[in-house]
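Below is one structure; the comments refer to it alone.
Hydrogens, waters and symmetry mates are skipped; everything else that's a heavy atom, side chains included, is used. In what follows, chains are A, B, ... by sequence order, proteins preceding strands, each numbered from 1.
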Number of protein chains: 2
Amino acid sequence: MIRVLVVDDEPLIAQAHRAYTERIAGFEVVGVAHTARDAMAVLRTQEVDLILLDLHLPDRHGLDLVRALRAAGSGADVLAVTSSRDLGVVRQAVALGVTHYLLKPFTFAAFRDRMDRYALYRAQVREVSEVAAQHEIDRVFATLRGGPPDSLPKGLDPATFDLIRAALQAAGGLSATEVAARTGTSRVTARRYLEHLAEAGRAVRSPRYGGPGRPEVEYRPA
Amino acid sequence: MIRVLVVDDEPLIAQAHRAYTERIAGFEVVGVAHTARDAMAVLRTQEVDLILLDLHLPDRHGLDLVRALRAAGSGADVLAVTSSRDLGVVRQAVALGVTHYLLKPFTFAAFRDRMDRYALYRAQVREVSEVAAQHEIDRVFATLRGGPPDSLPKGLDPATFDLIRAALQAAGGLSATEVAARTGTSRVTARRYLEHLAEAGRAVRSPRYGGPGRPEVEYRPA
DNA sequence: GGGACGGTGAACAGAATGACCGTAATCGTG
DNA sequence: CACGATTACGGTCATTCTGTTCACCGTCCC
C-alpha cells in the first residue's frame with residue numbers, strides 16, 4: 001500500500017482528490033490537509049510515501065513546503081497538482097524532485113496514469129537493491145517520466161488488442177506478418193499492437209536472422 | 001552558456017569531467033571542487049546552473065550536499081555521477097530532484113546525451129514562461145528523462161548491436177566468423193557491428209596468426 | 001444530416017541483412 | 001628468397017522486411 005497525503009486548500013477539491021486516489025488499487029489516503037502547517041503536522045505523525053500537493057496554499061507556497069521537507073530529511077515523494085501555468089514554478093518543482101506535475105483541471109485518466117507510473121516506479125526500486133548497468137537506471141527514470149502507460153493509447157481498439165495478444169500467446173513467437181496472417185488484420189495493424197505490447201513490457205522483440213534481406217522482428221510473449 | 005560546477009574527490013577524475021564538459025557546446029565550467037565544503041564555498045560566490053556531482057565525497061555524502069542546497073534555496077540542478085549501484089541512493093536522488101544519474105565509468109557519448117538533454121530542457125523552460133496544456137509539461141519531463149537516444153549510425157540496429165556486444169562480452173575474444181556463428185547473423189553483419197565497436201573504442205582489434213592463409217582479426221571487449 | 005473522430009489497410013521510401021567476388025596477407029615449399 | 005596455395009578481409013549490390021504516411025470507412029456526437 002502506498003500511503004498518500006492529500007494537500008489542497010479547498011476542502012471540496014481535497015475530497016475529490018481523496019476519492020480519485022482511493023479508486024486506484026494500491027493507494028490509501030492517510031491524511032488530508034488544507035494548509036502547509038497542517039501538512040507538516042500530519043507528516044510528523046504519519047508515515048507518508050506520496051504527497052498530492054496543491055502548490056497554492058493559504059499560508060505558504062507549496063514549493064516552500066517541499067523545500068522544508070527535504071531539509072528535514074523526509075523522503076516522501078511529491079506529485080504537484082496545481083493550476084499554475086508558470087514555467088518557472090515547473091522548473092523549480094523539477095529541481096526539487098517532484099515526481100510529476102499535473103495541471104488542474106485534469107481527467108481521472110491523466111491522474112491515474114501518473115499514479116500508476118509512480119506505483120510501477122516504486123515496485124522497480126523496491127524489487128532489487130542493486131543495479132548492474134546504466135540502462136536499468138534509465139528504465140527507472142523513464143518509468144516515472146516516459147510515455148503513456150498500460151491504458152490503451154488512442155488508435156488502439158481493446159477488441160483488436162485482445163485478438164493480437166491471444167494469437168501471440170497461442171503461438172509463442174511470431175513476426176508481425178505471421179500475426180497478421182493468423183488474425184486476419186493487416187501487417188500494419190498487427191505491428192501497431194505488437195509494438196504496444198513490447199513497449200509495455202508484455203512482449204519482447206528479437207531479430208530473426210538467416211534468410212536473405214532485412215531481418216524479421218519476432219515478438220514473443222513476456 | 002550553462003555554468004557548470006564539477007565536484008569529484010579525485011582530482012584526476014574532476015579534470016576529466018571538466019574536459020568532457022568543455023567539449024560540449026553551450027557549457028562552461030565555472031568551478032571545480034573536491035569536497036562538499038569546497039562546493040558550498042564556490043556556490044556562495046558563483047552563479048551555477050548545473051552541478052556535476054560525484055556522490056562519494058570525503059567530508060559528506062553528495063546527497064546531503066543536495067539537501068543542504070535545497071534548504072538554502074539554491075535552484076541549481078544536479079547531475080549525479082557515481083559508481084554507487086545502490087538503488088536506494090538512486091531513489092533518494094530522484095526524490096531530491098537530480099536531473100539524471102550516470103554510473104561510472106561512462107562513455108563520453110552517454111555523458112553528452114545527458115548534457116544535451118539538460119540543455120534542451122533548459123531551452124524549453126526558458127523559451128516561454130507559461131504553458132497552455134498538460135502535454136507541454138509532459139514534453140518537458142520527457143526531454144529530461146526520456147529513453148536513451150540511439151547514437152548508433154544508420155544501418156545499425158540497436159537490437160543487433162546488443163546481441164553482438166553481449167556475445168563478445170561473454171566470450172572475451174572472438175573473430176567475426178565466430179561471432180557470426182554464435183549470434184546467428186552472417187559474418188558480414190557481425191563484422192559491421194564489431195567494426196563499430198572498435199571504432200567507438202569499446203573493443204580492440206588484434207590479428208591472430210598461426211594458421212595458413214590470411215590472419216584473422218580478433219575483437220576483444222575494451 | 002453533417003462534421004469530427006477513431007480505427008484500419010494499401011502503398012511507398014528506405015533500412016538492415018546476406019551473397020558474391022576481387023583483393024590482401026600469411027604460410028609452406030622449392 | 002621467390003612463388004603458389006590458402007584463407008580471410010572488405011566493398012558492392014540484390015533482397016526482404018520495416019515503419020510511416022495517407023486515404024478510406026464506420027461511428028458517435030452535435
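Whole-Å rounding puts the B:Asp157 CG to C:dG18 P distance at 11 Å. Summarising the geometry, the separation between CZ on B:Phe161 and C1' on C:dA15 is reported as 18 Å, rounded to the nearest angstrom. A:Glu195 places its CD atom 6 Å from the P atom of D:dG19, with the value rounded to the nearest Å. As rounded to whole Å, 19 Å separates atom C1' of D:dC9 from atom OH of B:Tyr193. At whole-Å resolution of the value, CD in B:Glu178 and C1' in D:dT7 are 14 Å apart. Computed from coordinates, the B:Arg205 CZ to D:dC9 P distance equals 11 Å when rounded to whole Å. What separates CG of B:Leu156 from C1' of D:dT18 is a distance of 16 Å, to the nearest Å. Rounded to an integer number of Å, the gap from B:Arg208 CZ to D:dT7 C1' is 14 Å.
Closest contact between the side chain of A:Glu216 and the listed nucleotides D:dT18, C:dT17, D:dC9 involves D:dT18. Closest to the A:Arg214 side chain, of the nucleotides D:dT16, C:dG18, C:dA24, is D:dT16. Residue A:Pro215 has its side chain nearest to C:dT17 when only D:dA8, D:dG11, C:dT17 are considered.
Within a 6.0 Å radius of CZ in B:Arg220, no more than 12 heavy atoms belonging to other residues, nucleotides or ligands are found.
Put simply, B:Thr177 has no side-chain N or O that comes within less than 4.0 Å of OP1 or OP2 on D:dA8. The shortest distance between the side-chain N/O atoms of A:Arg191 and the OP1/OP2 oxygens of D:dT18 is not below 4.0 Å. Within the structure, every side-chain polar atom (N or O) of B:Tyr209 is placed at least 4.0 Å from both OP1 and OP2 of C:dA25.
The side-chain heavy atoms of A:Met115 and A:Tyr20, taken from C-beta on, include no pair separated by under 4.5 Å. Looking at heavy atoms from C-beta onward, B:Val7 lies out of side-chain contact with B:Asp54 at the 4.5 angstrom threshold.
Ring orientation note: the planes of A:Tyr118 and A:Phe27 are tilted relative to one another, at an angle of 30° to 60°.
The base of D:dG19 lies close enough to the side chain of A:Arg187 for a donor and an acceptor atom to sit less than 3.5 Å apart. A donor N or O paired with an acceptor N or O is not found under 3.5 Å between the base of D:dG10 and the side-chain atoms of B:Arg192.
The residue among B:Pro212 and A:Ser186 whose nearest nucleotide of DNA chain C lies closer to the 5′ end is A:Ser186. Mapping A:Gly213 and A:Glu218 onto DNA chain D via the closest heavy atom, the residue that lands nearer the 5' end is A:Gly213.
When heavy atoms are screened at a 4.0 angstrom cut-off, B:Ser175 is found touching no nucleic acid atom at all.
Between the side chains of B:Thr160 and A:Tyr209, at least one donor N or O sits under 3.5 Å from an acceptor N or O.
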